[in-house]
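This report concerns only the one structure given below.
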Amino acid sequence: MRSKLPQVGTTIFTIMTRMAQAHNAINLSQGFPDFDCPEALRERVAFYLNDRRNQYAPMTGVAELREQIAAKVGSLYGCQVDADQEITVTSGATEALFDAIQATVGAGDQVIMFDPAYDSYDPAVRLAGGEPVHIPMLQPDTERGWAIDWERVAGQINARTRLIIINSPHNPSGSVLARQDLDTLAELIRDRDILVLSDEVYEHMVFAGGRHESVLCHAELKEKSFAVFSFGKTYHATGWKAAYCVAPPALSTEFRKVHQFVTFTSTSFIQYAIADFLRDCPDHHLQLPDFYQQKRDTFCRLIADSRFTFTPSAGTYFQCVDYSAISDMPDMEFVSWLCRDKGVAAIPLSPFYEQAPDTRIIRFCFCKDDSTLEAAAHILRSL
Ligand code: PMP
Ligand code: GLN
């Protein structure tokens, strides 16, 4: 059969988690916690399941949930968003990203993304008939570390550029964008017909007292952006696939034209439950930066004496490390060896690139119980 995505195989997350299971390895590859979501939230989910909220939720999302999201976004990012016209609940951020791309990108349109780029962006652009334009981020050993080279972006923007995808805090690098980055982006697309898709699923994982710079805080960018968030990350419940997109009314209208035919709506009782939890525990997210920073610090301390070299992540629940002092195997070969022979699963960086640089960097996920991190680090220190 003729493939619409001939270059695409199975995602690296599925490959590595399967490999971890097959070899009974400690799984620090695919990003998901091995601890549970808040008990009060689980209780609400059970309540609404048993309350028989088991039929279709409204297409744009349960009203109570959209209202709570509007309140959260208002208090967190200081912006007014209309719950009816600007918020759409989706089945995971993956769906929201896909919907935004299908809604805006057509044949021949170019979409700028930054490598290493989350692996769903490129195929979604291709399925829309668009042309992905991959711009490599600066490498971690450069003066600015992982960062966007805006001069290079300026050189790539042209009349066919339709969308720019940013992701901060950034998976897999763990870097975060600064206000200055958003200002530069706003300047570059001013008076042009270019939109922004801002993947902010790790919004609550910014460390060292840093602040997450949402496009929603940026008056100019907010008017031309789809901002995507995920309850899966915020509530340690990746399996629920519950997320949302905030965008101005005109963009949300187009977004919903796609959403209604991709999933139509998302799981009903989970939406009611999250609405209650947001109302009853509006401060839950305030504990997340410290909680995850402790995880990062624990993991970094545990591998400090290893032969891996790294700079602690500024955000996300991922830590990239350089293994060149241990091996010169290519990254896919190295993670396979590490998983099969040593019992720790990680994610190679090359699948996130159109053209992978000749570096030796892999990603570990540290949103794990301390005992899991200790067991993994014990092995990593022995390499
Ligand atoms: N964007 C990024 C950068 C991610 O790391 C993830 C993964 N979890 C997603 C989007 C998808 O989120 P969800 O599980 O809500 O679909
Ligand atoms: N976002 C997760 C990660 O980066 C994986 C999501 C998925 O498996 N699709 O590990």
Side-chain angles (χ1 to χ4, degrees), residues 8-21 26-34 37 61 69 88-101 113-125 137 146 165-177 196-206 212 214-215 226-246 259 262-263 266-267 270-271 274 292 295 313-320 335 339 345-353 361-368:
V8 174
T10 302
T11 83
I12 191 63
F13 307 117
T14 296
I15 290 175
M16 291 316 302
T17 283
R18 270 193 201 144
M19 200 186 291
Q21 285 164 351
I26 301 169
N27 192 358
L28 304 191
S29 63
Q30 191 179 24
F32 61 88
D34 67 352
C37 62
I69 293 170
T88 311
V89 177
T90 61
S91 299
T94 311
E95 196 225 337
L97 294 164
F98 189 81
D99 295 348
I101 290 167
M113 58 190 76
F114 301 100
D115 286 358
Y118 188 61
D119 66 346
S120 81
Y121 306 157
D122 177 296
V125 170
M137 291 170 79
W146 294 107
I165 306 179
I166 55 173
N167 168 215
S168 179
H170 183 257
N171 178 13
S173 75
S175 61
V176 300
L177 292 179
V196 174
L197 174 53
S198 183
D199 180 344
E200 306 186 17
V201 299
Y202 300 104
E203 62 180 325
H204 299 307
M205 296 161 208
V206 177
H212 168 56
S214 174
V215 287
F226 299 88
V228 172
F229 305 90
S230 176
F231 292 119
K233 315 290 169 195
T234 300
Y235 295 142
H236 323 310
T238 59
W240 291 359
K241 300 300 292 185
Y244 55 99
C245 173
V246 182
H259 164 70
V262 172
T263 56
S266 301
T267 311
I270 288 179
Q271 294 192 54
I274 296 176
Y292 279 110
K295 294 275 170 216
S313 291
T316 72
Y317 45 46
F318 303 117
Q319 179 63 52
C320 284
V335 294
C339 181
I347 292 287
L349 250 55
S350 53
F352 298 82
Y353 282 93
I361 301 174
I362 56 172
R363 186 197 86 177
F364 290 117
C365 173
F366 57 72
C367 61
K368 305 289 173 186

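Each residue takes its place number in the sequence, starting with 1. Counting starts at 1 for both ligands and their atoms, following the listed order.
- The backbone N or O of Gly232 sits nowhere less than 3.5 Å from a side-chain atom of Thr238 that would complete a donor-acceptor pair.
- Atom CD of Glu95 and atom NE2 of His259 lie 5.5 Å apart (nearest 0.5 Å).
- Note on ring orientation: taking the six-membered ring where Trp is involved, the planes of Tyr317 and Tyr202 are perpendicular (angle over 60°, cut-offs 30° and 60°).
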List below, pair by pair, the N or O atoms of ligand 1 and of the protein that are less than 3.5 Å apart, including the distance to 0.1 Å; reply 'none' if no pair qualifies.
residue, atom, partner, partner atom, Å
ligand 1, 1 (N), Asp199, OD1, 3.4
ligand 1, 1 (N), Asp199, OD2, 2.6
ligand 1, 5 (O), Asn171, ND2, 2.7
ligand 1, 5 (O), Tyr202, OH, 2.5
ligand 1, 8 (N), Lys233, NZ, 2.1
ligand 1, 14 (O), Lys241, NZ, 3.2
ligand 1, 15 (O), Ala93, N, 2.8
ligand 1, 15 (O), Ser230, OG, 2.7
ligand 1, 16 (O), Ala93, N, 3.0
ligand 1, 16 (O), Thr94, N, 2.9
ligand 1, 16 (O), Thr94, OG1, 2.6
ligand 1, 16 (O), Lys241, NZ, 2.7

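- Rounded to the nearest 0.5 angstrom, Phe114 CZ and Ser168 OG are separated by 12.0 Å.
- Contact residues for ligand 2 (protein heavy atom closer than 4.0 angstrom to any ligand atom): Phe13, Gln30, Gly31, Tyr118, Asn171, Tyr202, Lys233, Phe318, Arg363.
- Between Phe366 and Tyr292, a ring centre-to-centre spacing not shorter than 6.0 Å is recorded.
- A distance of 6.5 Å separates CD1 in Ile101 from CE in Met113, rounded to the nearest 0.5 Å.
- Cation-pi geometry between Lys368 and Phe32 is met: the NZ or CZ atom falls under 6.0 Å from the ring centre, inside 45° of the normal.
- Side chains of Pro172 and Phe318 form no contact here, defined as non-hydrogen atoms less than 4.5 Å apart.
- Rounding to the nearest 0.5 angstrom, the gap separating the CD1 atom in Ile165 from the OG atom in Ser120 is 8.0 Å.
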